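Inspection log for the structure reproduced underneath, given as structure tokens.
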Amino acid sequence: MTDGAHSHPDAPVRHSYPLAIDRAGFGTAFALVMRTLPYAIVRFGILLAFTMVTIVWFIAAFGIGSFLAAKIHPFIGIGWMIALLGTYGYLWWFVVRYGLYLIQAGHIVVLTELITKGQVENGPAGMFEYGRRVVTDRFGQVNVLFAMHLLVRGVVHAFNRTLDWISNLLPIPGLSSVVGIVNAIVRAATTYIDETIFSYNLARGDDNPWRSSKDAIIYYCQNSMEILKTAAWVVVLDKVLTVALWAVMLVPAGLLLVVLPAAWKPGGMILGFGIAALFASNARQAFLKPILLVMVMTKFHVVVRNQAINTEWDERLSSVSSKFRDIKGKALAPP
């Protein structure tokens with residue numbers, strides 16, 4: 001995937017990578033994610049373990065902190081709480097940045113190969129090792145990839161704020177509040193867009209990832225109506241399925257109430273609802289979000305196939321986003 005044969009930075013059509021899919025949709029996305037299920041399972045395991053650590057950590061922070069404040073001195077208790085919460089914040093940032101994000105990037109690597117080639121050309125390497133190797137070969141350091149991710153997200157946010165066609169999705173007079181809801185949904189969809197741009201970057205295989213990211217942003221802008229329609233429906237689907245997932249997770253909460261003594265049931269109900277919410281959140285992040293992401297990714301790849309780039313967007317984006325100008329500068333910088 002690091003081969004630059006599919007990248008044509010000076011041609012009207014900037015890419016020539018193949019596609020192994022003909023259409024985008026939930027069924028296509030579900031099938032692709034099932035073929036990369038180990039990524040979802042590992043992500044779920046990490047999230048679940050961190051959830052358990054979070055519960056224990058907060059009990060230790062506030063429980064022991066309250067004890068120290070009452071038995072020794074309030075400042076001792078407050079200091080204990082601040083120290084543990086600060087350490088927790090650092091660990092969470094570390095896990096997200098260097099753990100879960102790297103896993104997510106590797107997952108997008110193998111998903112992109114399935115979308116473009118129909119198979120993962122990992123040879124004797126395992127799926128996780130292959131994904132990690134492609135990411136590090138293409139970007140050198142996770143810090144570079146993370147910086148690119150933040151810049152791309154900033155550009156997409158800035159562009160989405162300039163959209164004037166959203167009200168046309170609901171062409172009914174007097175529905176300004178509904179249009180506001182649609183705008184909120186579009187903002188929530190941004191997380192799928194920047195990851196989709198990363199997938200394009202991988203599929204094109206440009207030797208200069210900043211250049212292909214810049215072109216990917218332009219491709220997104222010139223196809224924003226089609227792509228954001230899919231993304232908006234994906235966000236709605238996300239909310240509906242998350243509620244359904246939480247309802248399913250209430251089953252073990254109900255079983256907990258059955259076995260608890262009557263005197264413990266009020267507290268057990270609160271605990272059960274909390275456990276259900278945590279499990280639903282972890283399952284959503286690990287299993288549901290990848291499916292929704294692939295729906296947007298496949299829509300993007302299908303829409304931009306054999307499409308010439310509209311370079312007028314370069315100037316427009318430069319005028320509305322300093323982050324886009326940063327990406328352009330990095331794209332033009334010597335290697």
Side-chain angles (χ1 to χ4, degrees), residues 1 6 15 17-44 47 100-122 127-128 130-132 134-135 138 145 149 152-153 156 185-186 188-205 212-213 216-217 219-220 223-224 226-242 244-245 281-305:
M1 186 168 287
H6 300 308
H15 52 267
Y17 58 86
L19 282 185
I21 58 170
D22 295 321
R23 58 183 179 179
F26 185 87
T28 299
F30 181 82
L32 289 170
V33 171
M34 287 301 101
R35 293 178 65 180
T36 60
L37 192 59
Y39 269 101
I41 293 172
V42 168
R43 187 175 176 86
F44 180 70
L47 288 167
L100 292 177
Y101 188 75
L102 186 58
I103 290 174
Q104 178 181 332
H107 196 184
I108 294 175
V109 167
V110 297
L111 285 168
T112 301
E113 287 222 351
L114 291 175
I115 291 169
T116 57
K117 302 176 182 178
Q119 60 183 359
V120 181
E121 298 180 347
N122 54 328
M127 188 179 292
F128 289 96
Y130 178 72
R132 184 201 63 78
V134 170
V135 170
R138 294 277 288 118
L145 176 59
H149 167 83
V152 168
R153 176 170 291 193
V156 173
I185 291 174
V186 169
T190 300
T191 182
Y192 299 107
I193 304 301
D194 56 20
E195 292 166 345
T196 296
I197 288 172
F198 173 54
S199 175
Y200 172 85
N201 194 314
L202 293 165
R204 176 166 149 177
S212 55
S213 293
I217 293 170
Y219 271 120
Y220 160 66
N223 295 284
S224 58
E226 286 300 315
I227 296 169
L228 276 177
K229 281 181 181 178
T230 298
W233 283 115
V234 158
V235 173
V236 174
L237 187 63
D238 181 17
K239 303 303 180 186
V240 172
L241 292 180
T242 298
L245 191 60
S281 176
N282 292 336
R284 170 184 173 271
Q285 291 288 334
F287 299 104
L288 179 57
K289 284 200 71 175
I291 296 173
L292 303 177
L293 167 62
V294 176
M295 289 177 66
V296 180
M297 282 171 53
T298 51
K299 181 68 174 181
F300 180 93
H301 287 296
V302 168
V303 168
V304 305
R305 178 168 41 188

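Predicted, not measured: the structure shown is a model, and the values here were computed from it.
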How long is the span from the CG atom in L293 to the CD atom in Q104, to the nearest 0.5 Å? 7.5 Å
Tell me every residue that passes side chain to side chain donor-acceptor pair (under 3.5 Å) with D238, counting only those two or more places apart in sequence or in another chain. T242, R284
So, for A203 and T116, which heavy atoms are closest and what is the spacing to 0.1 Å? CB-CG2, 3.8 Å
If you look at every heavy atom in D194 and R153, which pair is closest and at what distance? OD2-NE, 2.5 Å
Just jot down the side chain to side chain donor-acceptor pair (under 3.5 Å) partners of H301, sequence neighbours excluded, or say none. Y17, S199
Nearest-0.5 Å distance, CD1 of residue I227 to OH of residue Y220: 7.0 Å
For G118 and A20, which heavy atoms make the closest approach, and how far apart are they? N-CB, 3.4 Å
Could you give all pairs that pass the side-chain hydrogen bond (donor to acceptor under 3.5 Å, both in side chains) test and reach residues 22-31, with sequence neighbours left out? none
So, taking the atom named CD1 in I217 and the one named OG in S224, what distance separates them when rounded to the nearest 0.5 Å? 13.5 Å
L47 side, atom CG; L100 side, atom CG - distance, nearest 0.5 Å: 5.5 Å
Which heavy atom in G106 sits nearest to a heavy atom in V135, and how many Å separate them? N-CG2, 4.1 Å
Contacts of type side chain to side chain contact (heavy atoms under 4.5 Å, CB included), residue I41, not counting sequence neighbours: L37, F287
By the side-chain hydrogen bond (donor to acceptor under 3.5 Å, both in side chains) test, which pairs, at least two apart or in different chains, include something from residues 30-43? T36-H107
Answer yes or no: is there a side-chain heavy-atom contact under 4.5 Å between V152 and V156? yes
Gap between atom CG of L292 and atom CE of M297 - 0.5 Å precision: 12.5 Å
Ring pair (Phe, Tyr, Trp, His ring centres under 6.0 Å) involving F300 - partner list, sequence neighbours excluded: Y200
Ignoring hydrogens and angles, tell me if any N or O in the side chain of E195 forms a donor-acceptor pair with the backbone of I108 under 3.5 Å. no
Closest heavy-atom pair, M295 versus G25, reported as atoms and distance to 0.1 Å, is CG-O, 3.8 Å
Quick check: do L237 and F26 have side-chain heavy atoms less than 4.5 Å from each other? yes
Name all residues meeting the side chain to side chain donor-acceptor pair (under 3.5 Å) criterion together with T230; count only those two or more places apart in sequence or in a different chain, and write none if there are none. none
Given side chains that start at C-beta, do those of F198 and T112 come closer than 4.5 Å, heavy atoms only? no
Which pairs count as side-chain hydrogen bond (donor to acceptor under 3.5 Å, both in side chains) when at least one residue sits in residues 285-299, sequence neighbours excluded? none
Could you pull out all residues at least two apart from A231 that satisfy side chain to side chain contact (heavy atoms under 4.5 Å, CB included)? A189, I193, L228, V296
At what distance, to the nearest 0.5 angstrom, does OG1 of T191 lie from NE2 of H149? 6.5 Å
